[in-house]
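Encoded as structure tokens, the structure appears first; notes follow it.
Just follow the structure's listing: the first ligand is 1, and inside any ligand the first atom is 1.
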Amino acid sequence: MLVSWLMGTSTTLERDVRAFLATALESTNLQNLGSRYVGKVRDVYSQGERSILVATDRQSAFDISWCSVPLKGQVLNQVSAWWFKQVAEIMPSHVIDVPDENATVVRRLDMLKVEIVVRAYLAGSTSTSAWVNYSQGVRSFCGNTLPEGLAKNQRLPSGPILTPTTKGEHDELIAPSEIVARGFATQAQWDEISEKALALFGHGQEIAAARGLILVDTKYEMGFDKAGTLTLADEVHTPDSSRYWIASSYEQRLALGLEPESLDKEFFRLWLREQGFEYGGPKPQITDEVRVMLAMKYIDLHERMTGERFVVPKDPDISARLQRNLREYQVS
Ligand SMILES: Nc1ncnc2c1ncn2[C@@H]1O[C@H](COP(=O)(O)OP(=O)(O)O)[C@@H](O)[C@H]1O
Ligand SMILES: [Mg+2]
């Protein structure tokens, strides 16, 4: 698939994806499913102890919502559901049911006020990314000191590090001592959170490696259930919450000073930068060609990661399908 795309030929899959350009899920207005909260990517319908996370096709980057990418919500929801199963032995997750390609029914948790970022490489292009900070002279990251002389996209010699950020409009790095001082978690809770995050990441790296992929970094969200049990929430190891590189070309491209081949959101961030985008500046036009190209990247990641064929739905009306598949979760 990737090869034919590079050669400029159109595959059946690509044609099927194009059919969803017009009906990509920009927003939802589902009936009788509870109160709706609109996140950057998900619409969350809450009904007491239960929430329904609907992954839309919205594409955000640099904290801006840019466009919709056909079938991206399905990729996110299905990849996340697959990973929740893979890591179930490490910790419980919020998943109750996955009744639709784009929706997951979850236990509503008391969410941690920080996002747990784990990084194994010096990567990134946003203001909180390890590389941008390192290149500006920062050597201390949330209690981890990095050595001099590291190159962009190099693997961290110390192994994976935790660089938590606050959850808000704009994420900011926060040291573990600050997390405890500000009452976001007790020391004992933070110890458990960090231990679990590193275990999840280690397992994620192993599984990714077996599929020819490098899990570069990721962001976890966790919360506590009614019994006070630490539980994995939101999404896990998706191409929105993680960076993925293709393993086979990594070393050679690093040596040549080229960006790794990426199958995640970073691809879109780099594309925006190439168009000259800067924070606060004019926004480049996102054409349908770019939307399809992004969709093919997401689908490629889905197929490589899960080892399963991505099934393009027959019905282009995603909203109607959601409403049908969520019937048993209606509250009125
Ligand atoms: N089990 C859960 N309980 C409560 N909130 C959750 C749970 N899982 C995810 N969330 C929250 O639902 C929202 C998902 O929407 P999303 O578009 O990802 O939001 P954001 O704009 O914060 O990235 C996030 O605010 C996330 O923290
Ligand atoms: Mg999110």
Check your understanding: Have E261 and S249 got a donor and an acceptor in their side chains that come within less than 3.5 Å?
Key -> yes
Please list every donor-acceptor pair under 3.5 Å in which a side-chain atom of residues 203-213 meets a protein atom from a residue at least two apart or in another chain.
unit_1: H203; atom_1: NE2; unit_2: Q86; atom_2: O; d: 3.3
unit_1: R211; atom_1: NH1; unit_2: M305; atom_2: O; d: 2.5
unit_1: R211; atom_1: NH1; unit_2: T306; atom_2: O; d: 3.4

Review point. With a cutoff of under 4.5 Å between side-chain heavy atoms, which Ile, Leu, Val, Met, Phe, Trp and Tyr residues group with L254?
Key: Y121, I214, V216, W245, Y250
Expected list for residues 146-153: side-chain donor-acceptor pairs under 3.5 angstrom, two or more places apart:
unit_1: E148; atom_1: OE1; unit_2: R139; atom_2: NE; d: 3.4
unit_1: E148; atom_1: OE1; unit_2: R139; atom_2: NH2; d: 3.3
unit_1: E148; atom_1: OE2; unit_2: R139; atom_2: NE; d: 3.0
unit_1: K152; atom_1: NZ; unit_2: E259; atom_2: OE2; d: 2.7
unit_1: N153; atom_1: ND2; unit_2: E259; atom_2: OE1; d: 3.4

Need the list: ligand 1 N/O atoms against protein N/O atoms, distance under 3.5 Å, rounded to one decimal.
unit_1: ligand 1; atom_1: 1 (N); unit_2: H94; atom_2: ND1; d: 2.9
unit_1: ligand 1; atom_1: 1 (N); unit_2: R107; atom_2: O; d: 2.9
unit_1: ligand 1; atom_1: 3 (N); unit_2: L109; atom_2: N; d: 3.0
unit_1: ligand 1; atom_1: 8 (N); unit_2: D234; atom_2: N; d: 3.1
unit_1: ligand 1; atom_1: 17 (O); unit_2: K40; atom_2: N; d: 3.1
unit_1: ligand 1; atom_1: 17 (O); unit_2: V41; atom_2: N; d: 2.8
unit_1: ligand 1; atom_1: 17 (O); unit_2: R42; atom_2: N; d: 2.6
unit_1: ligand 1; atom_1: 18 (O); unit_2: R42; atom_2: NH1; d: 3.2
unit_1: ligand 1; atom_1: 21 (O); unit_2: K40; atom_2: N; d: 2.8
unit_1: ligand 1; atom_1: 27 (O); unit_2: K167; atom_2: NZ; d: 2.8
unit_1: ligand 1; atom_1: 27 (O); unit_2: E221; atom_2: OE1; d: 2.5

Point to revise | Derivation and outcome, salt bridge (charged side-chain N to carboxylate O under 4.0 Å, His left out), residues K219 and D234 | key: CA-CA 10 Å; K219 174 220 69 171; D234 205 46; 3.4 Å; yes
Exercise for review: Kindly say whether D191 contributes a backbone atom to a donor-acceptor pair with the side chain of S194 at under 3.5 angstrom?
Suggested key: yes
